[in-house]
Amino acid sequence: AGTLLWKEVKKYGYTRRYFHVSNTCHCFPSKTKTPTKDQIEICSDSWLNREIEGADCRLVLACGNVPLYALKRQSGGIEALSGTTEWLDDWGVWVCWSTHPSHVLRNSSKRPLFEKGIKNFIEKFELLKR
């Protein structure tokens, strides 16, 4: 999934060194590797907010339903949001939504949603760096 993400970003002339990378949850012991709502809440409330503040982020690329829940407490719906951007007052950042690259690897028909999300993120990134 990471390889797919950085390959898509590279299409726009950027590499990983331009971005701070994180996960919504760094520890999730479930066998499915999808964090539970409780795990997401604990991680986002206890350290994700501090990490975003510490990195001085103004823009977040949120891939998948896990960050959607962490940032908005919204369960599901990332496909409808993929390729959109919104300001989140509670977090003090712009968020560009995208399907997760691992979803594309499991279902190639979702690739256009992922590409739309990354394109939107890069366009917003370029606007903000001016």
Side-chain angles (χ1 to χ4, degrees):
T3 300
L4 178 59
L5 171 65
W6 296 116
K7 184 177 178 182
E8 191 65 27
V9 167
K10 191 174 181 179
K11 286 183 185 179
Y12 298 94
Y14 294 100
T15 62
R16 187 174 180 157
R17 70 182 177 98
Y18 287 90
F19 308 101
H20 173 77
V21 180
S22 181
N23 281 321
T24 303
C25 293
H26 284 280
C27 53
F28 37 95
S30 68
K31 291 180 182 179
T32 65
K33 299 205 179 210
T34 299
T36 66
K37 288 179 181 178
D38 287 342
Q39 290 166 333
I40 295 168
E41 289 172 15
I42 290 167
C43 287
S44 61
D45 292 347
S46 65
W47 65 266
L48 183 61
N49 191 28
R50 286 191 302 257
E51 184 178 11
I52 289 172
E53 287 176 4
D56 195 25
C57 291
R58 295 187 300 156
L59 179 67
V60 170
L61 171 64
C63 295
N65 284 314
V66 172
L68 176 59
Y69 187 79
L71 298 171
K72 293 182 64 169
R73 296 299 192 255
Q74 180 177 328
S75 296
I78 193 64
E79 288 186 12
L81 288 173
S82 193
T84 66
T85 302
E86 68 181 299
W87 175 259
L88 296 182
D89 279 327
D90 291 345
W91 292 85
V93 294
W94 288 100
V95 177
C96 296
W97 302 104
S98 178
T99 57
H100 197 282
S102 65
H103 187 56
V104 174
L105 294 174
R106 291 188 308 273
N107 185 346
S108 62
S109 70
K110 302 302 179 183
R111 188 172 190 113
L113 287 172
F114 172 69
E115 290 173 347
K116 182 179 174 185
I118 301 304
K119 181 178 188 240
N120 178 60
F121 171 71
I122 295 297
E123 288 171 352
K124 188 68 173 180
F125 176 75
E126 289 177 342
L127 283 173
L128 291 173
K129 75 175 191 171
R130 292 181 185 167

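Note that the numbering runs from 1 along the sequence shown for the chain.
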Please walk me through it: do Lys72 and Trp97 pass side chain to side chain contact (heavy atoms under 4.5 Å, CB included)?
-> CA-CA 12 Å; Lys72 293 182 64 169; Trp97 302 104; 3.5 Å; yes

Closest heavy-atom contact between Leu59 and Cys96?
-> CD1-SG, 3.6 Å

Cut-off 3.5 Å, side chains only: do Thr85 and Asn120 have a donor facing an acceptor?
-> yes

Consider only side-chain heavy atoms of I, L, V, M, F, W and Y, link residues closer than 4.5 Å, and tell whether Phe19 and Leu128 are in one cluster.
-> yes

Kindly work out whether a path of hydrophobic side-chain contacts (I/L/V/M/F/W/Y, heavy atoms less than 4.5 Å apart) joins Leu81 to Val60.
-> yes

Locate the shortest heavy-atom distance separating Ala1 from His100; write the atom from each residue and the value.
-> CB-CE1, 4.2 Å

Give a yes or no answer on whether the side chain of Ser46 reaches the backbone of Ile42 with a donor-acceptor pair at less than 3.5 Å.
-> yes

How close do Phe114 and Leu4 get, heavy atom to heavy atom, and via which atoms?
-> CE2-CG, 3.8 Å

The reported gap from OG1 in Thr15 to NZ in Lys10 (rounded to nearest 0.5 angstrom) is 8.5 Å

Hydrophobic cluster identity match, Val104 and Ile122, side-chain contacts under 4.5 Å = yes

Lys124 NZ: over 12 foreign heavy atoms closer than 6.0 Å | yes

Would a distance-only check, ignoring hydrogens and angles, find a side-chain to backbone donor-acceptor pair under 3.5 Å from Ser98 to Cys63?
-> no

Can the ring centres of Tyr12 and Phe121 be said to be less than 6.0 Å apart?
-> no

Are Arg111 and Glu115 ion-paired here, with the side-chain N under 4.0 Å from a carboxylate O?
-> yes

Is it true that Asp45 and Lys37 make a salt bridge, defined as a side-chain N closer than 4.0 Å to a carboxylate O?
-> no

No-hydrogen, no-angle side-chain donor-acceptor test under 3.5 Å, Trp47 and Asn49 | no

Salt bridge Glu53-Arg50, side-chain N to carboxylate O under 4.0 Å | no

Residue pair Val95 / Ala62: nearest heavy atoms and the distance that separates them = CG1-CB, 3.8 Å

Would Leu105 end up clustered with Val9 when hydrophobic side chains under 4.5 Å apart are linked, directly or stepwise?
-> yes

Determine, stepwise, if the pair Tyr14 / Phe125 fulfils ring-ring contact (aromatic ring centres under 6.0 Å, His included).
-> CA-CA 11 Å; Tyr14 294 100; Phe125 176 75; 5.2 Å; yes

Thinking salt bridges, do Glu8 and Lys119 make one under a 4.0 Å N-O criterion?
-> no

Taking all heavy atoms of Ser22 and all of Glu51, pick out the closest pair and write down the distance.
-> OG-OE1, 2.8 Å

Look at the side-chain heavy atoms of Ile, Leu, Val, Met, Phe, Trp and Tyr, link any pair under 4.5 Å apart, and say whether Trp94 and Val21 land in one connected group.
-> yes

What's the verdict on side chain to side chain contact (heavy atoms under 4.5 Å, CB included) for Leu71 and Trp91, showing C-alpha distance, side-chain angles and the deciding distance?
-> CA-CA 8 Å; Leu71 298 171; Trp91 292 85; 3.5 Å; yes

From Leu68 atom CG to Ser75 atom OG, the distance as rounded to the nearest 0.5 Å | 8.0 Å

Just wondering, are more than 12 heavy atoms of other shown residues or ligands nearer than 6.0 Å to NZ in Lys7?
-> no

Assess the side chains of Ser109 and Asn107: does a donor N or O sit below 3.5 Å from an acceptor N or O?
-> yes

Nearest heavy-atom neighbours spanning Val66 and Pro35 = CG2-CD, 3.8 Å

Side chain to side chain contact (heavy atoms under 4.5 Å, CB included) assessment of Arg58 paired with Val93 | CA-CA 5 Å; Arg58 295 187 300 156; Val93 294; 5.9 Å; no

Quick one: NE2 on His103 to CG on Asn65, what's the gap to the nearest 0.5 Å?
-> 8.5 Å

Test Leu5 against Ile118 for side chain to side chain contact (heavy atoms under 4.5 Å, CB included), laying out the working first.
-> CA-CA 8 Å; Leu5 171 65; Ile118 301 304; 3.6 Å; yes

For Glu41 and Tyr69, test the side chains for any donor-to-acceptor distance below 3.5 angstrom and give the result as yes or no.
-> yes

